[in-house]
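Notes follow once the structure below has been shown.
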Amino acid sequence: MERTVSVVPEAGLHARPASKLVQTANRFDASVSIGRAEDGDDGLVRGDSMLSVSGLNVGHGESVRVVAEGADAADALDAVCDLLTSEVDGEGGAGDGAAGESDARSEGADGGDTP
């Protein structure tokens, strides 16, 4: 079974989104492959390999083809496609929020020290 979807995460399939995709693919008794929609079968890589998935260099808004085979193929396909079509938790704001909190704490401490 297969499905073609547009990649929603702003980072595309790099770093956190690629890691989450690999973790998701590995949860199922299925072989998951992914590649650019226009590349056909020759462009598919293993969905359980971080190096392969991030090496696709797929960006936000690009169409990818997800293929799943095996006992849990339908569930794997649903889970991977849901991930690809959703923002990644903490994306874009997580690092900024943590830095902002630390800056706010620093400013609060400075403000408290100054009479």
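These numbers come from the heavy atoms of this one structure, side chains and all, not from hydrogens, waters or symmetry mates. We're numbering straight along the sequence, starting at 1.
- Other cluster members for Val32: Met1, Val5, Val7, Leu13, Leu21, Val22, Ile34, Val45, Met50, Val53, Leu56, Val58, Val64, Val66, Leu77, Val80, Leu83, Leu84, joined by side-chain heavy-atom distances under 4.5 Å among Ile, Leu, Val, Met, Phe, Trp and Tyr.
- A distance-only check finds a donor-acceptor pair linking the side chain of His60 to the backbone of Val8 [under 3.5 Å].
- Residue pairs satisfying the salt bridge (Lys or Arg N to Asp or Glu O under 4.0 Å) criterion with at least one member in residues 53-64, sequence neighbours excluded, are listed as follows: Arg36-Glu62.
- Heavy atoms only, all atoms of each residue included: Ser86 and Pro9 are closest at O-CG, 3.4 Å.
- Residues satisfying the side-chain contact (heavy atoms from CB on, under 4.5 Å) criterion with Ser6, sequence neighbours excluded, are Ser63.
- Shown here are the side chain to side chain donor-acceptor pair (under 3.5 Å) partners of Thr24, two or more places apart in sequence or in another chain: there are none.
- For residues 68-85, every residue pair satisfying the salt bridge (Lys or Arg N to Asp or Glu O under 4.0 Å) rule, not counting sequence neighbours, is listed here: Arg3-Asp78.
- Summarising the geometry, atom OG belonging to Ser52 is positioned 11.5 Å from atom CG belonging to Leu44; distances are rounded to the nearest 0.5 Å.
- Legend: residues meeting side chain to side chain donor-acceptor pair (under 3.5 Å) with Thr4, ordered by chain and number and at least two apart, are absent.
- Within the hydrophobic cluster formed by Ile, Leu, Val, Met, Phe, Trp and Tyr side chains joined at under 4.5 Å, directly or through other members, Phe28 stands alone, with no partner residue.
- Checked against salt bridge (charged side-chain N to carboxylate O under 4.0 Å, His left out), Glu2 has the following partners two or more places apart in sequence or in another chain: Arg65.
- Shortest non-hydrogen contact noted between Gly12 and Pro17 is O-CB, 3.2 Å.
- Every residue meeting the side chain to side chain donor-acceptor pair (under 3.5 Å) condition with Arg46, not counting sequence neighbours, appears here in chain and number order: Asp48.
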